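Working notes, structure below.
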Amino acid sequence: MDTKAFKRTLQHSENYNRKGFGHQAEVTTQLQSEYQSSLIQEIRDRNYTLQRGDVTIRLTQAFGFCWGVERAVAMAYETRQHFSTEQIWITNEIIHNPSVNQRMQEMEVKFIPVETGKKDFSVVETNDVVILPAFGASVQEMQILHDKGCKIVDTTCPWVSKVWNTVEKHKKIDYTSIIHGKYKHEETVATSSFAGKYLIVLNLKEAQYVADYILNGGNREEFLQKFAKACSAGFDPDRDLERVGIANQTTMLKGETEQIGKLFERTMMQKYGPSELNQHFQSFNTICDATQERQDAMLELVQHDLDLMVVIGGFNSSNTTQLQQIAFEKGIPSYHIDAVERIKSAKAIEHRQLNGELAIAENWLPAGKIVVGVTSGASTPDKVVEDIIEQIFTLKA
């Protein structure tokens with residue numbers, strides 16, 4: 001499929017909207033009342049530090065809603081306001097935050113149902129309105145909706161679209177896209193749908209396995225089994241790793257994406273020589289500015305003496321998980337929670353571990369004077385952060 005031509009056709013359709021509907025002023029007021037926080041603004045004004053009693057809160061200098069997320073949520077609110085009587089669907093969570101997605105349902109924006117692991121688009125009718133979320137939708141989903149004659153409201157973050165453009169460049173010159181990401185994540189599913197040949201690597205360890213195969217060969221069947229769910233149909237590691245380009249899920253750890261890029265650059269240079277490098281390797285910077293800023297701010301915060309770290313965001317939020325990874329690697333006790341309700345008491349907190357499992361941590365809040373680091377992922381409203389900080393103050397009062 002010529003995905004570039006399809007995108008062009010879709011974007012020129014009268015049923016497609018990517019710019020909103022002219023209700024920005026009313027929606028901005030509504031979003032401020034529902035999601036912003038006077039306490040968080042106070043902490044910002046106090047150089048990102050606030051002390052009450054025995055508790056000092058240190059907030060990262062970049063956190064919470066990024067521009068792409070704010071834009072997507074605002075467009076969803078505008079869509080509901082503009083199409084006041086139409087049936088509105090959304091292909092996935094608008095962003096990875098439970099309170100925002102709950103609000104969508106309260107506004108009677110329905111999620112496309114999932115049956116046996118696949119989305120059931122048969123419920124969508126001609127002239128229904130369908131929102132594409134911040135991390136995009138696959139080209140196949142867009143095709144279905146376009147063919148149905150739906151009104152499509154595309155809130156895809158421009159940073160995600162930039163990655164799509166990158167893998168399309170790889171496809172045009174017959175390079176395999178090596179995508180640093182999680183193969184199940186909606187953004188990576190969308191990105192791979194715009195690619196030609198692709199291979200998804202989760203981390204540096206998997207990338208090293210691929211690099212070793214490029215240099216030394218290996219067990220082809222083992223390779224295909226290892227990446228069975230993370231490669232394009234008909235992928236052949238003996239044929240499809242001769243020319244590669246790097247792309248990424250925008251919410252992965254910046255440093256690891258850069259390391260993976262450099263690894264494959266060295267690998268292709270070693271195999272084909274410096275003079276042939278440009279015929280076998282391509283790399284464009286597709287790291288999202290907002291993700292980078294939040295990770296850099298977290299790296300700065302963990303240099304301070306912290307008794308514990310609270311990382312706030314949806315449990316399926318990749319960028320939030322990466323923030324917790326930074327605290328973990330620094331050896332700071334850290335708790336990834338998505339809402340104030342996870343804090344059961346001063347002695348118990350329910351949190352998501354890095355392996356994805358929920359656990360109850362006991363005696364998580366130390367006695368006496370404490371310094372608590374706080375950050376939040378790019379899909380987390382300030383109001384959620386406020387509720388959690390206030391609860392910590394209350395428990396230590």
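From a predicted model like this one, the values you see are computed outputs, not experimental measurements.
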Practice problem: Under the side chain to side chain donor-acceptor pair (under 3.5 Å) rule, what do Thr49 and Asn47 come out as? Steps first, then yes or no, please. | Solution: CA-CA 6 Å; Thr49 303; Asn47 198 27; 5.5 Å; no
Quiz item: For Met309 and Met298, what are the C-alpha separation, side-chain angles and deciding distance, and is it a side chain to side chain contact (heavy atoms under 4.5 Å, CB included)?
Solution: CA-CA 10 Å; Met309 188 81 211; Met298 183 68 170; 3.6 Å; yes
Quiz prompt | Derivation and outcome, salt bridge (Lys or Arg N to Asp or Glu O under 4.0 Å), residues Lys172 and Glu168 | solution = CA-CA 6 Å; Lys172 186 176 181 181; Glu168 283 180 324; over 6 Å; no
Quiz item: Between Asp296 and Gln292, is a side chain to side chain contact (heavy atoms under 4.5 Å, CB included) present by the stated rule, with each step listed?
Solution: CA-CA 6 Å; Asp296 289 346; Gln292 181 174 327; 3.7 Å; yes
Quiz prompt | CA sep, side-chain torsions, deciding dist, call: Arg103, Glu106, salt bridge (Lys or Arg N to Asp or Glu O under 4.0 Å) | solution = CA-CA 5 Å; Arg103 188 72 184 96; Glu106 290 167 4; 3.5 Å; yes
Practice problem: With side chain to side chain donor-acceptor pair (under 3.5 Å) as the test, would you mind laying out the steps for Ser122 and Asp120 before giving the verdict? | Solution: CA-CA 5 Å; Ser122 67; Asp120 178 14; 2.5 Å; yes
Exercise. Could you go through the side chain to side chain donor-acceptor pair (under 3.5 Å) check for Gln225 and Glu221 one step at a time?
Key: CA-CA 6 Å; Gln225 187 174 359; Glu221 295 309 312; over 6 Å; no
Quiz item: Can Lys182 and Leu202 be said to form a side chain to side chain contact (heavy atoms under 4.5 Å, CB included), step by step?
Solution: CA-CA 6 Å; Lys182 302 171 182 177; Leu202 176 63; 3.7 Å; yes
Self-check item: Trace of the side chain to side chain contact (heavy atoms under 4.5 Å, CB included) decision for Asp305 with Val371
Solution: CA-CA 7 Å; Asp305 289 330; Val371 180; over 6 Å; no
Quiz prompt | Step-by-step ring-ring contact (aromatic ring centres under 6.0 Å, His included) determination, Trp89 to Phe111 | solution = CA-CA 6 Å; Trp89 300 91; Phe111 292 88; 9.7 Å; no
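Salt bridge Arg352/Asp338: absent, no basic N to carboxylate O contact under 4.0 Å. The existence of a salt bridge linking Arg44 and Asp382 is confirmed by a sub-4.0 Å separation between a basic side-chain nitrogen and an acidic carboxylate oxygen. Taking 4.0 Å as the cut-off between side-chain N and carboxylate O, Lys197 and Asp174 count as a salt-bridged pair. Using a cutoff of 4.0 Å between basic side-chain nitrogens and carboxylate oxygens, Lys383 and Glu386 are scored as salt-bridged. Checked for salt-bridge contact, Glu350 and Arg342 meet the test: a charged N lies under 4.0 Å from a carboxylate O.
The side-chain tip of Lys7 points at the ring of Phe194 from less than 6.0 angstrom away and within 45° of straight on. Geometrically, Lys226 engages Tyr209 in a cation-pi contact, judged by NZ or CZ lying under 6.0 Å from the ring centre and within 45° of the ring axis. The cationic atom of Lys169 (NZ for Lys, CZ for Arg) lies less than 6.0 Å from the six-membered ring centre of Phe284 and within 45° of the ring axis.
Distance CD1/Ile179 to OG1/Thr257: 12.0 Å, rounded to 0.5 Å. In this structure, the separation between OG1 on Thr321 and CD1 on Ile326 is 11.5 Å, given to the nearest 0.5 Å.
When the options Thr28, Thr29, Val27 are evaluated for a side chain to side chain contact (heavy atoms under 4.5 Å, CB included) with Leu31, the one that passes is Val27. Among the candidates Thr375, Ile389, Ile388, the single residue satisfying the side chain to side chain contact (heavy atoms under 4.5 Å, CB included) test with Ile312 is Ile388.
Judged purely by atom type and a 3.5 angstrom limit, His180 has no side-chain atom pairing as donor or acceptor with the backbone of Asn203. Checked by atom type and distance alone, the side chain of Tyr35 never pairs as donor or acceptor with a backbone atom of Gln30 at under 3.5 Å. Looking at Asp240, its side chain does come within 3.5 Å of a backbone N or O of Asp236 through a donor-acceptor pair. Without hydrogens or angle criteria, Arg80 side chain to Phe83 main chain gives a donor-acceptor distance under 3.5 Å. Without hydrogens or angle criteria, Lys119 side chain to Asn92 main chain gives no donor-acceptor distance under 3.5 Å. Ser84 places no side-chain N or O within donor-acceptor distance of the main-chain N or O of Gln81, the cut-off being under 3.5 Å. With hydrogens and angles disregarded, a donor-acceptor distance shorter than 3.5 Å links the side chain of Thr291 to the backbone of Thr250. Side-chain atoms of Asp154 never come within 3.5 Å of backbone atoms of Arg18 as a donor-acceptor pair (strictly under, hydrogens ignored). For Asn17 (side chain) and Lys19 (main-chain N/O), a donor-acceptor pair under 3.5 Å exists by modelled atom type. Formation of a donor-acceptor pair under 3.5 Å by the His185 side chain with backbone atoms of Glu187 is found in this model.
Under 3.5 Å, the side chains of Ser193 and Ser138 contain no donor-acceptor pair of N or O atoms. Judged by distance alone, the side chains of Gln105 and Asn101 never bring a donor and an acceptor atom under 3.5 Å apart. Under the 3.5 Å distance criterion, with hydrogens and angles disregarded, a donor-acceptor pair is assigned to the side chains of Ser99 and Asn97. Tyr175 and Glu242 share no donor-acceptor pair across their side chains, judged by distance under 3.5 Å alone. When only modelled atom types and interatomic distance are considered, Asn316 and Glu93 share a side-chain donor-acceptor pair under 3.5 Å. Looking only at atom types and distance, the side chain of Tyr213 has a donor-acceptor partner in the side chain of Asp238 under 3.5 Å away. Judged purely by distance below 3.5 Å, without hydrogens or angles, the side chains of Gln391 and Asp387 never pair a donor atom with an acceptor atom. No side-chain N or O of Gln249 forms a donor-acceptor pair with one of Thr191 less than 3.5 Å apart. Side chains of Thr79 and Lys151: no donor on one and acceptor on the other come within 3.5 Å.
In this structure, Val124 is not a member of the same hydrophobic cluster as Ile131, with clusters built from ILVMFWY side-chain heavy atoms closer than 4.5 Å. Note on Tyr77 and Val69: same hydrophobic cluster, where clusters join Ile, Leu, Val, Met, Phe, Trp and Tyr whose side-chain heavy atoms are under 4.5 Å apart, directly or indirectly. A chain of hydrophobic side-chain contacts below 4.5 Å, direct or via other Ile, Leu, Val, Met, Phe, Trp or Tyr residues, connects Leu199 to Met268. Neither Ile152 nor Ile94 shares a network with the other; the hydrophobic side chains, linked directly or stepwise wherever heavy atoms of I, L, V, M, F, W or Y lie under 4.5 Å apart, form separate groups for each. Leu132 and Met104 fall into different hydrophobic clusters, defined by Ile, Leu, Val, Met, Phe, Trp and Tyr side-chain heavy atoms under 4.5 Å apart, directly or through other members.
Taking the six-membered ring where tryptophan is involved, the planes of Phe135 and His96 are essentially parallel, since the angle between them stays under 30° and well short of 60°.
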